[in-house]
Structures are given as structure tokens and as C-alpha cells.
Amino acid sequence: MVVELVRACPGVTVLATSREPLGVVGETVWRVPPLSAQDAVELFRERAVQDTGALDPVRTACARLDGIPLAIELAAAWSSTLSVPEILRGLDDRFALLVSGPRGVAARQATLVASMAWSHDLLDDADRVLFRRLGVFAGGFTRETARAVCGGDMLGGLRRLVDKSLVVADTRDAVTRYRMLETIRHYAAARLAASDEQETIRDRHLATMLGLVEDLAPLLDRDKDAWRAAVEVEQDNLRAALSWRPGDPEPVRRLAAGLPWLWHLNRHGPEGLSLLRAAIDLRPDARDALQARLLAGLALVADTARPLGLEYDAAQAAYEIATEAGDTGTAQLARLLSAVGVFYLDFDTAWSLAEEARAAGTGFVVDGAVALQGMIRHLRDAHDEAEVLLRTAIDGLAARGDRGVASTALGFLASSVLYGGDVAGARELAEEGVRMARPLADYHRVGSAAAVLATVEMAAGRLDAATEALDPVIRLVAGAEHPPFVPGLARATGQLRLLAGSPEEAVTWFNRETALLGGTEDVYLAPQTLTGLAAALRAVGSVSEAVEAGERALALARRIGMPRVEADALSELALLDPARAVELHHSALAIRAEHGLWLSCADSLTALADLTDDPRLRVAPGQDVREVVEYARRARGRRGRPSSGWASLTPTEESVVRLAADGLSNPDIGTRLFMSRSTVKTHLSHVYAKLGVTNRTELANLAGQHLGT
């Protein structure tokens, strides 16, 4: 009719609506898109019988209904019976919920099921088969993956389904990607489930996803950015494939074993842990190379999702099984992950395990081990060594797209440079850490990098810039389904709130970081957090609680071996104990000077200048802080450190005594305090002379009286 009308009446234009193009020469096709998010919400609220309340659940419901007007109207009609969150939960089975439509309309428009069925029934037999088979794809597909799963040449069938608005084609990239609106896909999946070929099609889908992941595996060692981009686009399909339980569990196990880096590098770590555990449980007693890969994968994902406890145990099990199975690559990775897993709890063991991994490994394992050793040197305030190790690791990691560990290493490097007093250099490195992490769009790496940048900006007195760095990440983390593990984020936020004059909020944030540790205090994060908490409690007037937090921070820092944090705790306790303030500030200054912590040395000098009214303790503009530190330490000696007895010991000598009393040998003490064996021996000789003792037993007894050991 249209052909004849246009031929006979050339001045006439026909405007027609149809489920597919007419195919007339000269036809211009405009596909009616789903409603915009705003229009969808307005339609829902207009059709709702009751007030819908908060907008967020309405927005979510409209998004899950793909902006389809009929689906939105049918869902809104339930508002007289259900709340919007209840409607939202009901959409898990949307065709059971959306079954009642308005009177007086065509049957095909009465319910969502009727609408889908009408469109489906107009397909020819071949296209109906293709339509239901495509329902297996949870996150879109390419022509190649569709051919592998559905069989035959897809092009003609795909074109017809696209023309009938049952499939959407995205041709913007070099390879066209197809998808169904989620509501349509649910219907197609239901048709597949009702057929006799679901098992065959889901087996093919699993095999196709497995083949894709295994074909991409070589990229992991060369270009993780390219690997991540290729795998992330199939994330929904991978999730669907892993949920299938075929007769043979091996394909599911192999697929799960190929994906840990995906979950390590994005915000779906908790889901990854769950899927890996499920794959491991398919053959819980297996001791083959595949089980070792799955356990190593579990440890890798735990590193950014929930490291305390799980990571080390899984990595150790992976190492043992991989060694038995002769899988050296997995064994090397597992050794590194064991080091990372114990890193939070035991620097010495972590260093030894990293050294083993570094000696036996290649590629990422070597660079990761070097980065970990740099972090350990940083936390023990051997910053010259830390910088060399971290820069070496960053170069290797960045070259292959290992953004996650590289961004963390950049954060530690920026902090080392900051502690040495180079704020501008630290800012440059911290900004690079944020740029390195940003493409991952995850919680852990992006949040940690932002926390480092904010800390640098706070040190520079730029609170607005610190807020700008933190606020987007805080909003992102607040929207997470599960509380993510983002070390340092809550602590940096607490420090920012404290500096901004909101100590009550600061207490909340520091407590949040403490809760993140799950009550475990013997981790390197704890004393840093407790020092901040002490400052916030002091600011709100809770002096006794502040003292308790400060003393716990001091004890933990000494036990773990973190000089910078020990000095910070001493400085905080000095503010809480006026009678010992000068002594404690001098002790903090000595530790800071011995470890090159020149930025915080300035804080110690300012505090001492205020307490002693000695103007020579103030750092003048352009003056080298080292000169003032040297004067302060000489002046303290002149004011009368006794020549013998416990009070005559320097802070370094006291640290040596503490470790000797704990039973450590001279080499072990040297490792802890970053000094040579001969230097330890010299310190002990001075201590023996000052205290009048002749051996370690007498020293330990005397130390017990003063240190409570």
C-alpha cells in the first residue's frame, strides 16, 4: 500500500509505526529508544497509585525495566499493594509480577508476557530458535560468540532480529556487539529453559567463554590493560557461565582459574571470592595443578577484597599443591602471595618469603616481590632503600600494565618522599598513583591512591585539594554492596576532618578504620590509626581515652617496628602529659632525625620551641631543618642528660635494650633497626657501661623494671 501510495502521490509523506522497517525504497528508519532515565521515573510516578517516596528505588526499578513504557506502567500499578523496594525485589521474576494491565487495550498490550509472546510468535521458526538460544548471553555477544553457541551463520538471523527490535546492534567499535534489552533477554531465557536444548546451549556457552579466556591468557604476562579490557566486556557472560553446573566440573574449574586477575583488579572482589570457592568445592579434595591455580587465585583476589587471614592460608595451600604437581609458575605466584598475606602481620616473614619469590620467580612475581620489600623498608623508615626498591618495581609493573600494584607502590614512594620533606615531589608521585589506578575504577586501588594524595595535600596545608581528592571516592565506597577493604581511606578522611575542625566526625572515621581491621591490632595499619584516634579524642576532650589510644599506638609501633609511628605516638602523648612533654617531644625528635623524617622534625621543633621559649628551635624561612635539629639535640644534652642510669640512655639505645630484652640476637636487632651488627654491639657496650651490667641476663632484668617486659 505504501509503495503504491508514494508512487502515485509523490508529494505525500507516510509516517508509520511498526515493529520492523517496511523495506520501502527511500525509507528513513528511526528506532524508538527506551525512555530516558528522567522520563521513565516521571512515567512511573504518574502511573503509581500511591506516593512512591524516595527516588533512588524508582530509578533502579526503571533501569531494570530497560525504560520500556509498558513494563514501567505495569510495575507502577503495583504501588497500591507493594512498596517500591518490594516491587524492585519482585523484578527478579518480572514476568510473574507484570501480569496485569489496563482494561480496554489490545490483548498483546495487556501484560508484559503477552507483549513479548506476540512479538515472538510473529517470528519464523528459524528465528525463534535463534532468539531463544541468544537468551543464554547475559551481557551481550559478538557475531563470533553467537555462531559458536547457536550454530550456523548468524548474520541473516541477527539482521532480522535487529529489524524487529528484539536485538540491539552497537556498531561504534571495530567489532559489532549485540545485546538484548534485559526484559527481552529474560523472556528469551525462559523460552530456552522451556525447550529441550537448554543443557546443550549452556554447555556451548560455557565452552565458548572458557575458550575466549584461555586464548587471552598470554596477554596477562604482556599487557594486563588489554587483557582486562577484553575480559571485562564479557563479565556478565562469565558470571553466567560459572553458575552453570554441567556433568563434568572441569570446564567451570578451568574458567574460574583463568579469571582471578579480573576480580583482583575491579570492584567485584567479594563476588570473585564466592565464585572461586564454589569452583574449589567442585573437587574439594583435589591436589592437582588446577586446584593450586584456583587457590592461588583465591589468595590473589583476597589481597584487595579481604586479605587478613584468608590470603596467607590460601596461598600456602596453593604453594604446597603446586609444588607437588610440578607447576612452578603457580608455586612462584603463591610464594609471593604468601608474603603479601603475612605482610600486614609480620614484616620479617614477609621479607623472607618475598626474597624467595624474587629469587625463583619471573615477570610480575619478581616486580611484585621487589615492590613488597620496598613497602616493608618504607614502613620501617629505611626510606633511601625503600625508594630504590619501589622505583625499580614501578618501572617493571607499569611496563606490562600491572596498574594495581604499581599504583600502590607509587603511593608508598610518594609517602617516603613526603616524609623526607619534598612535598612537591610527593604530590607529583601521588598524582601519578591516582592516574595509574583510575582506569581500574575499583575501590581498593583508587581509594588508597586518593588517600595518599589527600595526605600529601594536608601536609601542604591544602585542605580543599585534599577534600577534592577524597570526596568522590568516599561517595563511591558508600554505595558499595559490601564494605570494601580500602586501607588508609578512612584514616585519611579522619585526619582531614580533624584538621577541618570536626573532631567528632574524625573519631567516627578513625573508629571505622579500626573496625576494618576486624579487631586485629597486630597489623601495621593499627598503630597509625590509633595515633590519629588519640588526636581526635584529645580534641573532643576525652583525655583518658586519648591517652589509652596513644599508649596502645606506642606499644604496637614498637612491637611491630615502625619508628615513624612510634615518634608520632610519642608526640601525641606529649600533648596529653604536660609534665613529660619536653622529654617526649625530644624522644620523638630523635627518632625522626635518625630516620630522616625531616617533615615531622619541624613539628617536633615547633612544639619544643613553644614549650621552652627558645627561639633557636624555630625553623626560619629557607633554613635547613637539619641545622635546627642538631642544635636541639645538643641543647638537650647540655640541659643535663645524666651520664649513667636508665635516664642516660638515648632513644636508640633504649630501642636496642628493648629488643635485646626480648631475646633478639645482634644481627636480628640490626635488621629491625637498620644498623650493622657492629653498631648494635657498640650501642650495647655503651648501655652496659651506663647501667653497670655485664651481660644480657642482667640487662633483661633491669629492662623489665623500666619497660614492664
Side-chain angles (χ1 to χ4, degrees), residues 20-21 29-31 33-34 66-67 123 126-127 129-186 188-189 192 200-244 251 254-256 258-263 265-268 400-401 403 438-442:
E20 61 183 294
V29 178
W30 187 79
R31 299 188 184 279
D66 305 304
L123 299 173
D127 288 352
V129 172
L130 176 58
F131 174 74
R132 72 172 179 248
R133 289 178 177 179
L134 291 176
V136 77
F137 289 101
F141 51 91
T142 64
R143 182 183 172 192
E144 288 70 25
T145 54
R147 181 188 296 113
V149 173
C150 302
D153 184 5
M154 297 294 97
L155 194 55
L158 280 176
R159 180 177 180 179
R160 291 189 292 274
L161 293 178
V162 169
D163 283 344
K164 293 172 175 59
S165 302
L166 293 173
V167 171
V168 178
D170 185 349
T171 60
R172 291 172 296 179
D173 294 328
V175 177
T176 300
R177 192 163 183 87
Y178 302 88
R179 64 182 176 87
M180 292 177 169
L181 295 180
E182 192 61 15
T183 299
I184 294 174
R185 192 191 72 80
H186 271 255
L192 178 63
T200 298
I201 297 303
R202 293 210 63 176
D203 281 348
R204 289 183 192 169
H205 180 257
L206 171 59
T208 300
M209 291 300 108
L210 175 59
L212 183 147
V213 169
E214 292 188 338
D215 286 347
L216 290 170
L219 274 178
L220 278 170
D221 295 326
R222 302 196 309 268
D223 188 347
K224 277 199 177 65
D225 279 344
W227 180 89
R228 181 170 48 84
V231 173
E232 276 189 335
V233 73
E234 298 292 356
Q235 188 159 265
D236 291 334
N237 277 315
L238 294 167
R239 182 183 297 115
L242 287 169
S243 70
W244 179 237
R254 285 165 56 196
L255 180 57
L259 294 174
W261 278 107
L262 173 66
W263 299 307
L265 293 170
N266 69 18
R267 67 182 69 175
H268 299 293
R400 74 173 68 82
R403 292 180 174 275
R438 188 177 290 126
L440 301 177
D442 72 334

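Values below: all heavy atoms of this structure, side chains included; hydrogens, waters and symmetry mates excluded. For clarity, every value in this text was computed on a predicted model and none was experimentally measured.
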Engineer: Suppose the criterion is salt bridge (Lys or Arg N to Asp or Glu O under 4.0 Å): which pairs have a residue in residues 200-215, not counting sequence neighbours?
Structural biologist: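 Salt bridge (Lys or Arg N to Asp or Glu O under 4.0 Å) check on residues 200-215 returns Glu214-Arg254.
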Engineer: What distance separates Arg228 CZ from Leu440 CG, expressed to the nearest 0.5 Å?
Structural biologist: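 It is 5.0 Å, given to the nearest 0.5 Å.
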Engineer: Check side chain to side chain contact (heavy atoms under 4.5 Å, CB included) between Arg179 and all other residues, then give those that pass, not counting sequence neighbours.
Structural biologist: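 For Arg179 the side chain to side chain contact (heavy atoms under 4.5 Å, CB included) partners, ignoring immediate neighbours, are Val168, Leu181.
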Engineer: How close do Leu134 and Ala146 get, heavy atom to heavy atom, and via which atoms?
Structural biologist: CD2-CB, 4.1 Å
Engineer: Quick one: list whatever passes side chain to side chain contact (heavy atoms under 4.5 Å, CB included) with Arg159, sequence neighbours left out.
Structural biologist: Asp163
Engineer: Distance from Gln235 atom CD to Leu262 atom CG, nearest 0.5 Å?
Structural biologist: 4.5 Å
Engineer: Hey, could you give me the CG/NZ distance between Leu123 and Lys164, rounded to the nearest 0.5 Å?
Structural biologist: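 Those atoms lie 6.5 Å apart.
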Engineer: Which class fits the ring pair Phe137 and His205: parallel under 30°, tilted 30 to 60°, perpendicular over 60°?
Structural biologist: perpendicular
Engineer: Closest approach of Trp227 and Leu216, non-hydrogen atoms and distance?
Structural biologist: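 Looks like CD1-O, 3.3 Å.
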Engineer: Determine yes or no for a side-chain-to-main-chain donor-acceptor pair under 3.5 angstrom, with Asn237 supplying the side chain and Gly140 the backbone.
Structural biologist: yes
Engineer: Could you pull out the closest heavy-atom pair between Val162 and Ala169, with the gap in Å?
Structural biologist: CG2-CB, 4.2 Å
Engineer: Any chance CZ of Arg172 has more than 12 other-residue heavy atoms, nucleotides or ligands included, within less than 6.0 Å?
Structural biologist: no
Engineer: Hey, does the side chain of Asp223 reach the backbone of Asp225 with a donor-acceptor pair shorter than 3.5 angstrom?
Structural biologist: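 Yes, Asp223 side chain to Asp225 backbone: donor-acceptor pair under 3.5 Å.
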Engineer: Give me the atom names and distance for the closest heavy-atom approach of Ala188 to Gly135.
Structural biologist: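 Residues Ala188 and Gly135, closest heavy atoms: CB-CA, 3.7 Å.
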Engineer: Carefully, step by step, assess Arg177 and Val233 under the rule side-chain contact (heavy atoms from CB on, under 4.5 Å).
Structural biologist: CA-CA 10 Å; Arg177 192 163 183 87; Val233 73; 3.7 Å; yes
Engineer: For the residue pair Gly258 and Val213, what are the closest heavy atoms and their distance?
Structural biologist: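 Residues Gly258 and Val213, closest heavy atoms: O-CG1, 3.7 Å.
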Engineer: Taking Met180's backbone N and O only, do any of them form a donor-acceptor pair with Arg185's side chain (distance below 3.5 Å, no angle check)?
Structural biologist: no
Engineer: Verify side-chain contact (heavy atoms from CB on, under 4.5 Å) between Phe141 and Val136, making sure each step is shown before the conclusion.
Structural biologist: CA-CA 10 Å; Phe141 51 91; Val136 77; over 6 Å; no
Engineer: Roughly how far, to the nearest 0.5 Å, is CG of Leu158 from CZ of Arg143?
Structural biologist: 8.0 Å
Engineer: When rounded to the nearest 0.5 angstrom, what distance separates CG in Leu166 from CD in Glu20?
Structural biologist: 9.5 Å
Engineer: Of all heavy-atom pairs between Leu206 and Ala241, which one has the smallest distance, and what is that distance?
Structural biologist: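 Closest heavy-atom pair between Leu206 and Ala241: CD1-O, 3.8 Å.
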Engineer: Kindly indicate whether the side chain of Glu234, heavy atoms from C-beta on, has any atom under 4.5 Å from the side chain of Met209.
Structural biologist: yes
Engineer: Side-chain contact, heavy-atom cut-off 4.5 Å: Leu130 with Met154?
Structural biologist: yes
Engineer: Rounded to the nearest 0.5 Å, what separation is found between the CH2 atom of Trp261 and the CG atom of Leu219?
Structural biologist: 14.0 Å
